[in-house]
Amino acid sequence: MERQYNFAVIERKWQGYWEANKTFKSPDCVDKPKVYVLDMFPYPSGSGLHVGHPEGYTATDIYCRYKRMKGFNVLHPMGWDAFGLPAEQYAVDTGTHPAQTTRKNIETFKGQIKSLGFSYDWDREVGTTDPAYFKWTQWIFKQLHDRGLAYIDEVPVNWCPALGTVLANEEVIDGRSERGNHPVERRPMRQWMLKITAYAERLLEDLDGLEWPEGIKEMQRNWIGKSVGAEVDFRVSGSEEKIRVYTTRPDTLFGATYMVLSPEHKLVDSITTPGCRESVEAYRRHAASMSDMERTELNTEKTGVFCGATAVNPVNGQDIPIWIADYVLISYGTGAIMAVPSHDERDFEFAKKFGIPVRCIIEPEETEAEKGGVDTADVLEGKVCWTGNGRMINSSGSQGLDINGLEVAEAKARTIAWLENQKLGKAAVNYKLRDWLFSRQRYWGEPFPVIHMEDGSVRLVPDEELPLIPPELENFHPSGTGESPLANAREWLEYTDPKTGMKGRRETNTMPQWAGSCWYYLRFIDPCNDKALVDPEKERYWMPVDLYVGGAEHAVLHLLYARFWHKVLYDIGVVSTKEPFSRLVNQGMILGLSYKDTRGALVPSDQVRITPEGPVHAETSERLEEFPAKMSKSLKNVVNPDDVIKEYGADSMRLYEMFMGPLEAVKPWSTSGVEGVYRFLKKAWRMFAEKDISARALTREELRTLHSTIKKVSEDTESLDFNTAISQMMIFVNEFGGKPDLPLEAAEAFVKLLAPYAPHIAEELWESLGHSGSIAYEQWPQHDEQFLAVDQVEILVQIQGKPCKKMNIPAASSQDDMKSLALDDPDVAKALAGKEVRKIIAVPGRLVNIVV
RNA sequence: GCCCGGGUGGCGGAAUGGCAGACGCAACGGACUUAAAAUCCGUUUCCCGUAGGGAGUGGGGGUUCGAGUCCCCCCCCGGGCACCA
């Protein structure tokens with residue numbers, strides 16, 4: 001055995017071995033417990049892997065390797081989310097076909113991922129841009145369409161001129177594109193929409209059964225945004241028109257002193273009086289010209305105009321004015337509200353500005369008002385808005401409803417019952433969730449299997465003609481009309497029905513990047529099946545995904561979309577589970593070391609000089625402060641895994657990523673930290689290389705160290721607490737490394753414990769112990785409780801909770817024994833002299849506390 | 001504003017309500033070496049000191065024999081949502 005730990009040689013050797021022997025190929029449907037462990041597959045960008053990627057991948061890899069040794073059949077695949085904008089933009093700039101860029105990037109990524117020694121079953125690799133894959137993405141779209149879940153709508157969309165495409169709401173941040181930070185404007189366009197709203201309730205309900213971080217579930221709940229209330233019809237005075245409003249506070253109907261229609265509401269035109277028409281038109285034009293960003297960013301000041309008409313409040317017959325204001329959104333509820341300024345902050349603000357009466361109808365609950373620092377008298381006079389609990393006042397009317405004296409919840413129920421009885425309204429539920437804008441004006445995405453026929457009908461491409469492959473293009477520029485570059489591919493575009501001769505034009509939109517990632521976890525189960533998306537038997541064997549690890553940035557979108565598709569596939573019998581991902585874990589972001597000067601200005605890392613006094617600016621020698629910040633090209637603080645692997649090896653890289661801290665925490669990268677785990681591996685290597693592997697029996701103390709290490713590493717690996725598992729292995733090496741020999745029993749167990757974490761060195765050490773073949777399927781060691789026991793324990797005797805004396809006592813001492821041993825101790829007795837012992841608490845194995 | 005996370009040495013972080021700071025980094029001292037690298041040993045929360053003592057887990061209160069851990073209030077940092085009636 002080499003004296004030196006030569007990681008480069010070892011890692012090359014074992015990666016070659018695993019590949020040649022297909023060590024990690026997972027058989028389907030075998031008689032073993034299964035576990036499906038999935039990483040969020042990456043978008044293979046041109047810049048390659050950064051240290052954030054391997055964090056989650058290492059975590060899942062450790063877990064998989066551990067599970068294999070525990071006797072599980074493990075599904076652990078990897079693939080590529082390879083459609084997307086960057087490759088297309090590169091094509092626009094250079095003329096390189098996106099497929100070529102994608103192929104090259106995938107190669108780079110694959111090489112980098114392989115160099116980390118992950119135990120993927122590469123025979124299951126899939127890529128979303130592969131026609132054999134997107135055939136089924138297109139097939140799923142057809143299923144959605146057949147079930148009425150895909151429809152075309154003329155909708156105001158987020159048009160980004162710079163990118164030449166439409167973006168989903170989620171891809172627009174503060175009125176600019178998420179990618180590239182370009183301005184975005186609203187523009188009506190014919191688009192494919194997916195009716196995710198039809199699944200809102202199920203998407204909400206089924207969250208409860210998932211083992212996901214509570215925060216992520218909460219974010220999805222908020223995104224779905226269910227609210228319960230009522231729809232109420234208000235008659236427009238002197239007209240047959242009715243305005244339907246949605247409210248969560250039907251109890252406050254008596255406080256409604258005006259109504260508001262959204263500027264886009266279809267009744268605005270017909271009810272506006274001639275005298276008000278001019279100002280209403282002006283206001284509508286003003287509202288239309290504003291982007292979503294301006295509308296939301298300027299939300300400090302409410303705007304609106306009176307339309308001249310009034311409506312009748314159904315509970316008391318009173319006339320109330322109808323206003324037009326953009327604080328009411330056309331896209332939520334009915335696009336119209338009843339305004340209750342006394343008990344709604346937004347209405348209150350609006351009423352104050354326009355001098356509309358505020359009518360208090362709830363007497364605030366006393367303790368709640370006190371707690372919030374609200375003066376009840378102010379509320380009653382309409383000077384302050386109250387949105388909390390209380391009792392209804394001024395709430396009976398000519399129409400027969402009387403809810404005076406009731407609490408909010410009961411008043412709601414009573415009002416709804418009355419409205420339903422009078423046929424004036426009904427209980428209603430609303431969701432914030434909107435239908436999913438599913439079109440993109442791009443080349444590099446899945447083409448829709450759709451033909452628009454000249455008679456106006458929409459025809460779907462038959463299954464046997466799938467996949468529908470995008471045409472070869474020379475020019476990848478957007479068409480400029482808002483259509484994708486596909487609009488330039490005349491031959492591909494034009495279609496003639498072979499039977500009838502009717503002409504048609506293919507859909508020029510493509511699907512968004514989310515499409516391919518919505519179902520890839522299913523394809524891994526049966527990646528080469530050309531008859532079905534997934535074989536039902538294999539699907540039943542492997543699903544659901546038992547552990548899904550990825551970044552929190554996908555908390556809502558990817559995970560919500562994938563759940564939606566999964567439920568549709570469940571409904572048509574393709575999958576057997578209601579939910580795709582039983583357990584979800586988010587790995588925390590890894591930050592880079594960054595520097596700022598005293599004014600707080602950021603200094604790129606290549607302009608920093610480290611001195612014994614701390615970091616200084618390389619040019620000005622100004623003192624700098626070190627702090628962790630998101631890795632970015634501009635800060636020059638990006639750590640490249642290749643460099644780390646080259647210098648310390650993949651095993652050190654893996655170990656360090658896990659040793660930094662809890663998987664889910666945000667952690668700063670530290671190169672000296674890598675050196676620490678590297679030293680540990682070298683020490684472990686020397687423990688084998690420089691010592692005799694002896695056949696002798698272990699001492700009691702050694703047994704205790706060994707078995708407590710087995711216990712801790714097993715438990716912590718199971719619960720993904722990898723940092724503390726590694727600490728325990730370090731303790732093991734610190735103890736056994738100091739001995740003249742290494743007993744074989746301890747050596748073998750240790751190598752097995754290390755194997756999931758640092759697999760290359762573990763394979764090499766395993767071989768050095770005389771074993772042939774891989775350690776990957778060796779049985780995981782089991783600890784024995786009897787070796788953890790000790791004869792003597794050191795306990796602490798406290799008086800009044802203050803430490804007084806440490807003493808060694810038999811570990812098996814009962815509480816009573818402990819008490820008497822403590823009281824009999826001369827030092828304790830001395831400390832207690834003249835005091836009356838009132839109570840003694842004894843915690844076995846820990847301490848005795850004497851209360852005087 | 002609302003909803004989630006989170007505040008522990010110089011740093012990353014450990015701690016079933018039971019001796020706070022495991023493990024690692026950095027720093028300092030020492031050994032080995034002609035020297036360096038590598039390695040090994042020791043010290044390292046802060047304050048006062050000779051033994052020894054005092055303070056200490058963002059701040060303030062509380063429960064408890066005992067609180068980093070449980071409860072209430074506040075402050076700060078990170079993330080998400082944001083006129084959703």
Mind checking the [atom1] distance from [N] to [M]? Whole angstroms is fine.
| N | M | atom1 | value |
| --- | --- | --- | --- |
| rA82(B) | rC11(B) | C1' | 37 Å |
| rA38(B) | rC32(B) | C1' | 11 Å |
| rA85(B) | rG13(B) | C1' | 47 Å |
| rG60(B) | rG9(B) | P | 15 Å |
| rA27(B) | rU45(B) | C1' | 14 Å |
| rU57(B) | rU8(B) | P | 12 Å |
| rC77(B) | rC71(B) | P | 24 Å |
| rG61(B) | rU16(B) | P | 27 Å |

Quickly work out the [X] [atom1] to [N] [atom2] distance and round it to whole Å.
| X | N | atom1 | atom2 | answer |
| --- | --- | --- | --- | --- |
| Ile224(A) | rG80(B) | CD1 | C1' | 15 Å |
| Ile840(A) | rG18(B) | CD1 | P | 21 Å |
| Glu301(A) | rC83(B) | CD | P | 16 Å |
| Gln220(A) | rC3(B) | CD | C1' | 15 Å |
| Tyr648(A) | rC25(B) | OH | P | 12 Å |
| Ile841(A) | rA67(B) | CD1 | P | 12 Å |
| Leu591(A) | rC11(B) | CG | P | 16 Å |
| Met658(A) | rG24(B) | CE | C1' | 15 Å |

Options [options], nucleotide nearest the side-chain atoms of [X]:
| X | options | answer |
| --- | --- | --- |
| Ile337(A) | rA85(B), rC81(B), rG66(B) | rA85(B) |
| Val843(A) | rG18(B), rG80(B), rC3(B) | rG18(B) |
| Pro668(A) | rG18(B), rG12(B), rC83(B) | rG12(B) |
| Thr248(A) | rA85(B), rG18(B), rA26(B) | rA85(B) |
| Tyr327(A) | rA85(B), rC3(B), rC83(B) | rC83(B) |

Provide the Watson-Crick or G-U wobble partner of [N], both distances under 3.5 Å; none if there is no partner.
| N | result |
| --- | --- |
| rG78(B) | rC4(B) |
| rC40(B) | rG30(B) |
| rA35(B) | none |
| rA14(B) | none |
| rA85(B) | none |

With [X], which residues qualify under salt bridge (charged side-chain N to carboxylate O under 4.0 Å, His left out), at least two apart?
| X | value |
| --- | --- |
| Glu718(A) | Lys67(A) |
| Glu211(A) | Arg583(A) |
| Glu214(A) | Lys217(A), Arg221(A) |
| Lys432(A) | none |

Mind checking whether Trp436(A) and Tyr561(A) have parallel, tilted or perpendicular rings, split at 30° and 60°? parallel
Below 30° counts as parallel, above 60° as perpendicular, anything between as tilted: where do the rings of Tyr648(A) and Tyr678(A) land? perpendicular
Using the side-chain hydrogen bond (donor to acceptor under 3.5 Å, both in side chains) criterion, which residues pair with [X]? Sequence neighbours excluded.
| X | answer |
| --- | --- |
| Arg654(A) | Asp61(A) |
| Thr709(A) | Gln728(A) |
| Ser813(A) | none |

Could you grab the distance from atom CG of Leu754(A) to atom CE of Met729(A), nearest 0.5 Å is fine? 5.5 Å
Let me confirm one number: the NZ-CG distance from Lys806(A) to Leu796(A), rounded to the nearest 0.5 Å. 7.0 Å
What's Ser670(A) touching, base or sugar-phosphate or nothing? Going by heavy atoms closer than 4.0 Å. nothing
Can the ring centroids of Phe350(A) and Tyr258(A) be said to lie less than 6.0 angstrom from one another? yes
If the glycosidic angle is within 90 degrees of 0 it's syn, otherwise anti, so just tell me which one rG9(B) is. syn
Sort me out a list of protein N/O and nucleotides 72-78 of chain B N/O pairs below 3.5 Å, or just none if empty.
none

List every contact pair, protein side and nucleotides 19-23 of chain B side both N or O, where the distance is under 3.5 Å.
unit_1: rC19(B); atom_1: O2; unit_2: Lys806(A); atom_2: NZ; d: 3.0
unit_1: rC19(B); atom_1: N4; unit_2: Glu794(A); atom_2: OE1; d: 2.9
unit_1: rA22(B); atom_1: N1; unit_2: Ser727(A); atom_2: OG; d: 3.4

Pairs flagged by side chain to side chain donor-acceptor pair (under 3.5 Å) wherever residues 837-852 of chain A is involved - sequence neighbours left out: none
Could you list all N or O pairs between the protein and nucleotides 38-40 of chain B that sit under 3.5 Å apart?
unit_1: rA38(B); atom_1: O3'; unit_2: Lys682(A); atom_2: NZ; d: 3.4
unit_1: rU39(B); atom_1: OP1; unit_2: Lys682(A); atom_2: NZ; d: 3.4
unit_1: rU39(B); atom_1: O3'; unit_2: Arg686(A); atom_2: NH2; d: 3.0
unit_1: rC40(B); atom_1: OP1; unit_2: Arg686(A); atom_2: NH2; d: 3.3

Suppose we screen for ring pair (Phe, Tyr, Trp, His ring centres under 6.0 Å). Which residues come up paired with Phe736(A), at least two apart in sequence or across chains? Phe732(A)
